[in-house]
Amino acid sequence: MEKQENFLGTEKIPKLMLKFCIPCVLSLLVSALYNIVDQIFVGNSELSTLGNAATGVVFPIFIIAQAFAWWIGDGCAAYMNIHQGRGDNENTHKCVGTGMIITFAVSILLLVVFYPLKMQLLTLFGASNNSISYAMEYFNIILGFFPIYMLMNMINAVVRADGSPNWSMFSMLAGAIVNIILDPIFIFACHWGMSGAAWATVIGQVVSFSISIFYLFHTKSFRLSLKSFIPKFKIFVEAIKLGLSSFITQLTIVIISLVCNIMLAKYGAMSQYGIDIPIAVIGIESKVFTVVINIVVGIVLGCQPIIGYNIGADKTDRVKRLYKSILLCTLIIGLFSTLLFELAPNAIVGMFGKPTNIPNPEDYWDFAQKTFRIFLSLVTFTCLIKMSSIFFQAVGKPIFAVLTSLIRDIICFIPLICIMPIFYGIDGILFSAPIADLIAMTVTVILTIVYFLKLIKPKQLEELY
């Protein structure tokens, strides 16, 4: 344990980032692959565009489960790392044990609430008369494995914080490989359709979950016992506060998907595109966007143990150097993504299959181009906003973290997609995203400047003037 602490506080930052970030990024990318792989195979099968629309409306419900799992898991991870920097590891096992119990309880609650309301829920998220049967077939299987899916995500955050990002990556990678192998077998060879895609996904999740559980018997900085699973809410409250930003970030994706799909259905019906084309394209956009964001989030979450330890140890210079490195990586990813979305939108959408079961396939490609070139035009700003939110969470500033999570999605984007289509039709929905990014980026820059001015010691501040 002492060696691990010394390593986080003294090792060169580039070396630490390579050790912790690469496995974390790969782990989160693999997590995103669970849904993307399904959609690619579904889109290239006879299910085509309607199958893609079905997986698109189920995706936000996945995110609801993930939001709670990341809230608890990232909160426990931040708690572990900050207290590790302070040399206090006494209550870590109680925090993790309580987190696992609460994650399981929440998963059962979601299952009980969602199952009787599944028809209304899927319709609410944009399922049309054409796609609802596909969505129901997929969702019925996915929902039953929510407890395993949520515990897998929660435990993986703890594994990364325990200094084992490679194990977390291996856990997710193993499940994804199983999913990729089973998808074509179940969908094409067995002709199971949407059910085949769902079963491939949940079997992959079971594999990842099993590997994560195995790690808990080989942890580095804490040991779980039966006493760990007796809830200690006083300890857990701090973790919940630290993880709140992750919850809000994920939940805003759900709220955006809900409102966006409602508006797309309403104004799509009034346009040349109809309902199913916008829902299917935005479903693809969400998956691609998730890949980009997961790379950025993976870098910051990978650095979380380093940031948390050095904040706890009052090594502010190392924290500032870490921030600059994370910022540079985020800018590179954002700018590269923007270039890709502007120059090759059809190539990206084409990976998810061709529209064969809709009457107007040319409108599908037209809307796909507009979506990627307008909706994601300021994706670099989106990346910087998400990066800043998780950074504030890692340094123990939950209010700043929550504010940066809310400003872009809830305070700006939701009102804009409700107002702008009144004047500009369905195009108004697409232009709402870059406008929200611009406003939120301004607020994020201000909060970042405020934080680092407070982080600078008075003597250092005097030297600046």
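- No donor-acceptor pair under 3.5 Å is formed between the side chain of Thr404 and the backbone N or O of Ile385.
- Across every non-hydrogen atom of Asp437 and Leu378, the tightest pair is OD2-O, 3.4 Å.
- Counting heavy-atom neighbours within 6.0 Å of Leu109 CG, excluding the residue itself, gives a total above 12.
- Trp71 contributes a side-chain N or O that, together with a main-chain N or O of Ile240, makes up a donor-acceptor pair within less than 3.5 Å.
- Taking the side chain as every heavy atom from C-beta outward, Ile132 and Met119 approach each other to under 4.5 Å.
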(message) For a side-chain contact (heavy atoms from CB on, under 4.5 Å) check, start with the C-alpha distance between Val288 and Met351, then their side-chain angles and the critical distance, and finish with the verdict.
(response) CA-CA 11 Å; Val288 175; Met351 293 189 300; 5.8 Å; no
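- Closest non-hydrogen pair, Glu342 versus Phe372, comes out as OE2-O, 4.1 Å.
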(request) Start with the C-alpha gap between Phe375 and Phe289, add the side-chain angles, then the distance that decides, and say whether ring pair (Phe, Tyr, Trp, His ring centres under 6.0 Å) holds. (result) CA-CA 10 Å; Phe375 200 77; Phe289 175 74; 8.0 Å; no
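- Other residues, nucleotides and ligands contribute over 12 non-hydrogen atoms within 6.0 Å of the CZ atom of Phe188.
- Counting heavy atoms from C-beta outward, Asp409 and Ile414 have side chains that stay 4.5 Å or more apart.
- Counting only heavy atoms from C-beta outward, the side chains of Phe233 and Ile102 approach each other to under 4.5 Å.
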(request) List the steps, then state whether side-chain contact (heavy atoms from CB on, under 4.5 Å) holds for Tyr149 with Gln66. (result) CA-CA 8 Å; Tyr149 176 70; Gln66 193 177 67; 3.3 Å; yes
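- Pairing each heavy atom of Asn156 with each of Ser212, the nearest pair is OD1-OG, 3.4 Å.
- Interatomic distance, CG of Leu258 versus SG of Cys260, reported as 10.0 Å (0.5 Å rounding).
- Within 6.0 Å of CZ on Phe170 lie no more than 12 heavy atoms contributed by other residues, nucleotides or ligands.
- Remark: Lys118 is not positioned above the aromatic ring of Phe114, lacking an NZ or CZ atom under 6.0 angstrom from the ring centre and at most 45 degrees off the axis.
- Two rings, from Phe186 and Phe41, have their centers 6.0 Å or more apart.
- Ring orientation note: the planes of Phe391 and Phe452 are close to parallel, at an angle under 30° on the 30°/60° scale.
- Considering every non-hydrogen atom in both Asn153 and Ala69, the closest pair reads CB-CB, 3.7 Å.
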(request) Walk me through it: do Val106 and Met150 pass the test side-chain contact (heavy atoms from CB on, under 4.5 Å)? (result) CA-CA 9 Å; Val106 171; Met150 290 179 65; 3.8 Å; yes
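- Once rounded to the nearest 0.5 Å, the distance linking CD1 of Ile203 with CD1 of Ile181 reads 11.5 Å.
- Looking only at side-chain heavy atoms (C-beta outward), Met17 and Leu322 come within less than 4.5 Å of each other.
- Classified by interplanar angle (parallel below 30°, tilted 30° to 60°, perpendicular above 60°), the ring pair Tyr451/Phe392 is perpendicular.
- A donor-acceptor pair under 3.5 Å is absent between the side-chain atoms of Asp366 and the main chain of Glu362, judged by distance alone.
- Taking CZ of Phe352 as the start and CD1 of Ile284 as the end, the distance is 6.0 Å to the nearest 0.5 Å.
- For the pair Ile101 and Phe236, the minimum side-chain heavy-atom distance is 4.5 Å or more.
- In this structure a side-chain-to-backbone donor-acceptor pair under 3.5 Å is present from Trp167 to Ile211.
- To the nearest 0.5 angstrom, Met387 atom CE is 4.0 Å from Tyr323 atom OH.
- With rounding to the nearest 0.5 Å, the separation of CG in Leu29 from OG1 in Thr290 is 11.0 Å.
- A donor-acceptor pair under 3.5 Å links the side-chain atoms of Asn140 to the main chain of Met136, judged by distance alone.
- The minimum heavy-atom distance linking Cys76 with Val158 is given by the pair CB-CG2, 4.2 Å.
- At least one side-chain heavy atom of Ile429 sits less than 4.5 Å from a side-chain heavy atom of Leu264.
- At least one donor-acceptor pair closer than 3.5 Å links the side chain of Thr448 to the backbone N or O of Thr444.
- Residues Val202 and Gln205 meet the side-chain proximity criterion, which asks for heavy atoms closer than 4.5 Å.
- For Ser432 (side chain) and Gly428 (main-chain N/O), a donor-acceptor pair under 3.5 Å exists by modelled atom type.
- The two residues Ser271 and Ile426 have their closest heavy-atom pair at OG-CD1, 4.3 Å.
- Of the inter-residue distances, the one linking Ile295 atom CD1 with Thr330 atom OG1 reads 10.5 Å to the nearest 0.5 angstrom.
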(request) Could you walk me through whether Phe68 and Phe247 pass side-chain contact (heavy atoms from CB on, under 4.5 Å), step by step? (result) CA-CA 6 Å; Phe68 283 99; Phe247 176 72; 3.6 Å; yes
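- Partners of Asp427 under the salt bridge (charged side-chain N to carboxylate O under 4.0 Å, His left out) rule, at least two apart in sequence or in another chain, are Lys370.
- Annotation: side chain of Val57 is not in contact with side chain of Phe139 (no heavy-atom distance under 4.5 Å).
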